[in-house]
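Chain naming here is simple, since letters A, B, ... match the order of the sequence lines and numbering starts at 1 in each.
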There are 2 protein chains.
Amino acid sequence: MSDTQENEPMVISTIADKVCNKLQNAIVEGVIPAGSKISEPALASEFGISRGPLREALSRLEACNLIERTPNVGARVVTLTREHLVEIYLIRESLEGLAARLAAEKMSDKDIFELDALLEKHKQQIKQDQSYYQKEGDMDFHFRIIKGSKNSHLIDMFSNDLYHLIRLYRYQFGMVSKRVPRAFVEHEQIVDAIRQRDGELAQFLMTRHISSSRRNVEKMLDEHLAITD
Amino acid sequence: MSDTQENEPMVISTIADKVCNKLQNAIVEGVIPAGSKISEPALASEFGISRGPLREALSRLEACNLIERTPNVGARVVTLTREHLVEIYLIRESLEGLAARLAAEKMSDKDIFELDALLEKHKQQIKQDQSYYQKEGDMDFHFRIIKGSKNSHLIDMFSNDLYHLIRLYRYQFGMVSKRVPRAFVEHEQIVDAIRQRDGELAQFLMTRHISSSRRNVEKMLDEHLAITD
DNA sequence: AATATCAATATTGTCGACAATACACTGCCA
DNA sequence: TGGCAGTGTATTGTCGACAATATTGATATT
């Protein structure tokens, strides 16, 4: 699928790699529901493999915070909570603000040109179908900025941890937002600050952009809770 | 050892837990040198266990960035570089600035009282022996602030990733610093901002504190390189 | 009816063996 | 002499079985 193609596809060398990838997607898409218990024998049987590589895969899923493992009890998909999502957004503000600042310093002119092209592509997509942009285009943009930071540890932190959780929350909480046109303008402004090599402004705008998203998400979740209560 | 007691000791339930803990310390302390290849059969033999739990432990070490694993080739302790250390410091500025801001909002009066007590304890230790403070007291202080953020994801990110790497770099690069008295004053100022519930100031001071440490580290590393060249 | 206890069953952690892959060494050729 | 190919060995990935631990269901007690 194109989402994994755009955002550094996992290299599949071993059975564990393959199974980990499949389980990541199954969890994010809710095929294995949040909070549910994971059975090693059942999954191993389903994949037609032994429990050894399955446990390797589970270990990696634990590392990217999609599951929690308890010794002698087993693994369980994480429970999604408003609190946790807000926590993640706060961390995103912090780290992506840094990424934007570094991107303003580090991105090549070619990188920035490609970022512009990506924005143009997103502009066309918004006119046709907003849902595609909401699902993966936004993440694509953010990931490009993080890559532009040239801070490999930051890129790893995002790729191995935050990315999957953000996808999971988006998928499960069905975040269709009225905010798209405004968010796109903010993307453009961030890129402009980067193009001007103004790190401080880029950081400010990115932090503010994610902060607005957080407030929007908080509001939506509160409304969602009000409905279900 | 008291460093692990203060900073959330790993709960030992399985052989893999135990081996992971031992390997973490062996890597941080240089018993297994940076860059070196890890042999599963040799380590399993040394610990008197099968390769199964050893691989579990290696998977966890990979998750906390102490080793890198390549399929069908094996595991290797990470190589320490100036670039990587600077990357980590930049991320620390970002995340610990956030932590300090949240701590100013979230810490209870009791928490703050205990933080004061910790500072007083460190003051006494500085008078007697600066090396203890340099090794773990500083981390202790920082970890308290991060815990005070009450952002569980942030605490996990620190505990599972940054903490080990910081220890590793400190141990291997032998960071004895002339900066201790000044750094302690900065700690006091950060706590004061938190006590005043001034999140913006706490964040500013913490970011600046770590930025100063980064510059100090960069300078030391440059001097170190000059000597060895 | 609710709670506690016990035994059976299922699951998780670990073991040792086999299959697949990479590495190291030797010999041959240009 | 240097590079390449082939072979043997070591290491990594996976398998299935056994041991240890937790869970579930049935029964007894209050």
Spacing of [X] atom [atom1] relative to [N] atom [atom2], expressed in whole Å:
X        : N       : atom1 : atom2 : answer
Arg69(A) : dT11(C) : CZ    : C1'   : 13 Å
Leu54(B) : dG13(C) : CG    : C1'   : 14 Å
Ile15(A) : dT12(D) : CD1   : P     : 18 Å
Arg76(B) : dT12(D) : CZ    : C1'   : 15 Å
Lys18(A) : dG13(D) : NZ    : P     : 17 Å
Glu56(B) : dT12(D) : CD    : P     : 17 Å
Phe47(B) : dG13(C) : CZ    : P     : 19 Å
Leu43(A) : dT11(C) : CG    : P     : 11 Å

Nucleotide of [options] approaching [X] most closely (side-chain heavy atoms):
X        : options                   : answer
Glu40(A) : dC15(C), dT14(D), dT12(C) : dT12(C)
Pro53(B) : dT12(D), dA22(D), dC15(C) : dC15(C)
Pro71(A) : dT11(C), dC23(C), dG13(C) : dG13(C)
Ser39(A) : dT11(C), dT21(C), dG13(C) : dT11(C)
Lys37(A) : dT12(C), dT14(D), dC23(C) : dT12(C)
Ser50(A) : dC15(D), dA22(D), dG16(C) : dC15(D)
Pro41(A) : dC15(C), dG13(D), dT12(C) : dT12(C)
Asn72(A) : dT14(C), dT14(D), dG13(C) : dG13(C)

**Prompt:** In Å and rounded to the nearest 0.5 Å, what is the CG to CG distance from Leu95(A) to Asn151(A)?
**Reply:**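 Rounded to the nearest 0.5 Å, the CG-CG separation comes out at 9.5 Å.
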**Request:** Indicate whether OP1 or OP2 belonging to dT12(D) is found under 4.0 Å from a side-chain N or O atom of Arg51(B).
**Result:**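 The answer is no; no side-chain N or O of Arg51(B) sits under 4.0 Å from OP1 or OP2.
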**Request:** Look at the side-chain N and O atoms of Arg55(A) and state whether any lies under 4.0 Å from the OP1 or OP2 oxygen of dG13(C).
**Result:**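 Yes, such a contact exists.
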**Sidechain-backbone polar pair: Glu87(A) side chain, Ser152(B) backbone, donor-acceptor under 3.5 Å** =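 Side chain of Glu87(A) to backbone of Ser152(B), a donor-acceptor pair under 3.5 Å: yes, one is there.
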**Prompt:** Can you check whether Ser94(B)'s main-chain N or O pairs, donor with acceptor, with Ser94(A)'s side chain at less than 3.5 Å?
**Reply:**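 Confirmed, Ser94(A) side chain pairs with Ser94(B) backbone.
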**Request:** Using a 4.0 Å heavy-atom cut-off across all strands, classify Ile38(A) as base, sugar-phosphate, or nothing.
**Result:**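 Sugar-phosphate, no base atom in range.
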**Request:** Mind checking Gly52(B) for me? I need base, sugar-phosphate or nothing, with any heavy atom below 4.0 Å counting as a touch.
**Result:**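 The answer is nothing, as Gly52(B) stays clear of every strand by at least 4.0 Å.
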**Prompt:** Would a 4.5 Å heavy-atom cut-off, applied to side chains only, mark Asp222(B) and Arg82(B) as touching?
**Reply:**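 Yes, close enough: below the 4.5 Å cut-off.
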**Asked** Going by the angle between their ring planes, with limits at 30° and 60°, are His187(B) and His209(B) parallel, tilted or perpendicular?
**Response**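 His187(B) and His209(B): perpendicular rings.
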